[in-house]
Participant: 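What follows is a single structure, and I will ask about it in a moment.
Just so you know, these numbers come straight off a predicted model, no measurement behind them. The chains referred to below are lettered A, B, ... by the order of the sequence lines, with proteins before strands, and numbering in each begins at 1.
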Amino acid sequence: MCGVFPGKTPPPRRAYVWDLPTRLFHWALVCCVAIAFVTAKLGGNWMAWHGRVGVLIVALLVFRLAWGFVGPTYARFMHFLPTPRALRDYLQGRWQAQGHNPLGALSVFALLGVLCLQAGSGLFSDDDVAFAGYLAPLVAKATSDRLTFAHRLGEEVLLALVALHVGAIAFYALVKKRNLVAPMITGWAEGRPEESTRGGGVKPFLLAFCLALAAAYGASGAWLPPPPAPAAAEW
Amino acid sequence: MRKHPIAVLFGSFVAVALSGIASAQVVGKVEDQIRWRQSAYQTMAWSMQRIKANVEGTFNKDQVTQAANVIAALANAGMGALYQPGSDHGRGWRETNVKPEFFKEGEKVRELAQAFNREANEMAKVAAAGDAAAVKAQFGKLGESCKACHEKFRKEEK
Ligand code: HEM
Ligand code: HEM
């Protein structure tokens with residue numbers, strides 16, 4: 001470790017805050033959402049990929065939701081609930097802990113929530129031209145129309161939240177001189193080693209992983225009865 | 001036979017009046033027009049689904065050709081005639097979803113409609129040739145031309 005910090009300054013003490021599954025989830029989600037945006041804008045036959053990457057996003061979200069309950073310390077939702085008290089402490093500069101700060105936690109919950117709505121509505125959306133979400137056959141057209149409307153609205157909401165999220169990170173980097181990106185890549189942040197994240201072993205991981213697989217299967221519509229073969233029409 | 005000047009005058013008057021009617025030939029009331037155009041788009045949607053089913057499942061050239069020809073026929077039908085002034089509001093099968101800009105940005109409408117025309121005619125050609133991969137590629141382009149117009153001129157159903 002000392003090799004990374006040569007010279008007289010003592011190596012800063014570090015804590016392991018972001019476990020590997022959480023980090024993998026985070027960057028996979030970033031990639032998938034970017035692909036979802038690009039494929040939706042390209043349209044045409046790219047919509048098939050929009051649907052596929054959308055199902056992957058469903059799986060990622062379900063994994064994260066489960067990991068938020070059975071994962072290690074700093075991945076748990078209960079650990080970073082942005083309660084009014086935590087927010088007040090934070091805004092008055094009295095908040096001292098590892099993991100998401102209460103304001104960042106708000107952003108995390110908002111992003112996860114809106115992404116769930118976005119992916120959920122997408123499954124029932126229909127562009128009236130060439131592509132529909134895999135579960136659209138399950139609902140009435142009027143319902144699908146409403147969810148399509150929500151899905152399109154979600155685009156702007158999501159862009160705004162992403163801008164806020166990235167903006168906050170930039171603010172930390174430029175104004176507060178704190179790098180929040182590196183810990184999300186390496187897992188390590190400044191802190192005391194005894195603050196490191198704990199728990200979330202193999203068994204909880206397998207549980208969350210299986211739930212994610214089940215969600216992907218459900219979202220893919222593969223379990224729906226196949227449409228009848230097109231009948232040969234005589235006229 | 002020499003025509004009487006009054007007859008000439010009368011005749012030309014009638015001719016002008018008739019040509020005036022012909023050039024402003026409006027078929028159907030506003031609600032008829034809206035209903036017809038909605039029906040035409042639904043028929044295109046049906047045909048798009050048929051092509052898609054054939055591209056994704058077993059490819060049946062005859063079905064694809066039927067569907068492609070339906071779309072091409074509607075694309076070449078002069079559907080612009082179903083967007084008479086005043087049909088920006090009204091109820092066909094449901095309340096019209098055309099945006100008011102449709103009636104103000106004629107140049108853009110023409111551009112999008114002609115692009116759709118080209119892709120629809122190309123689709124019919126490709127379908128007749130019967131190559132599934134080519135049909136799939138052209139299906140994508142055709143769908144894009146539908147969506148390009150929807151994005152600009154079609155209100156979203158809420
Ligand atoms: C969180 C993940 C997702 C994001 C960020 C996303 C984003 C988008 C965006 C930006 C559009 C374009 C809207 C427009 O034309 O203005 C779109 C359209 C669409 N998406 Fe998604 N989407 C996601 C998940 C899904 C899923 C899981 C499905 C279904 C499998 C899906 C199905 C659709 C459909 C059918 C449309 C066409 C709607 C239309 O043009 O009327 N999306 N999506
Ligand atoms: C094959 C390509 C197309 C398909 C599959 C398609 C599909 C549809 C469908 C299903 C509707 C809903 C009809 C209803 O309300 O019942 C619709 C409406 C509409 N489409 Fe398209 N469309 C296509 C091409 C176009 C093009 C090229 C334009 C622009 C010139 C266009 C403009 C509109 C407008 C303005 C409406 C609203 C009509 C109204 O409510 O009065 N569409 N389309």
Participant: At a 4.5 Å cut-off on heavy atoms, which part of B:Ala137 comes close to chain A: side chain, backbone, both, or neither?
Facilitator: backbone

Participant: Below 4.5 Å from any heavy atom of chain A, which atoms of B:Lys158 appear? Answer side chain, backbone, both or neither.
Facilitator: both

Participant: Decide if atom CH2 of A:Trp95 counts as having more than 12 heavy atoms of other residues, nucleotides or ligands within a radius under 6.0 Å.
Facilitator: yes

Participant: Can you give me the closest heavy-atom contact between B:Glu157 and A:Phe149, atom names plus distance?
Facilitator: O-CB, 3.7 Å

Participant: In this structure, are over 12 heavy atoms from other groups packed under 6.0 Å from B:Trp36 atom CH2?
Facilitator: yes

Participant: Could you tell me which of B:Gln42, B:Glu144, B:Gln66, B:Arg50 has the largest number of non-hydrogen atom pairs under 4.5 Å with chain A?
Facilitator: B:Glu144

Participant: Taking all heavy atoms of B:Lys136 and all of A:Asn45, pick out the closest pair and write down the distance.
Facilitator: O-ND2, 2.8 Å

Participant: Taking atom CH2 of A:Trp27 as the centre, does the number of heavy atoms from other residues, nucleotides or ligands within less than 6.0 Å exceed 12?
Facilitator: yes

Participant: Within a 6.0 Å radius of atom CZ on B:Phe103, are there more than 12 heavy atoms belonging to other residues, nucleotides or ligands?
Facilitator: yes

Participant: Write down the atom of B:Arg154, the atom of A:Asp128, and the distance for their closest heavy-atom approach.
Facilitator: NH2-OD2, 2.5 Å

Participant: Where does A:Leu42 contact chain B at under 4.5 Å (heavy atoms): side chain, backbone, both or neither?
Facilitator: backbone

Participant: If you count heavy atoms of other groups shown closer than 6.0 angstrom to NZ of B:Lys29, is the number above 12?
Facilitator: no

Participant: Heavy-atom count check: over 12 atoms from other residues, nucleotides or ligands less than 6.0 Å from B:Lys125 NZ?
Facilitator: no

Participant: Starting at CG of A:Asp127, measure out to CE of B:Met48 and round the result to the nearest 0.5 Å.
Facilitator: 8.5 Å

Participant: Working to the nearest 0.5 angstrom, can you tell me the gap between B:Glu156 CD and A:His151 NE2?
Facilitator: 11.5 Å

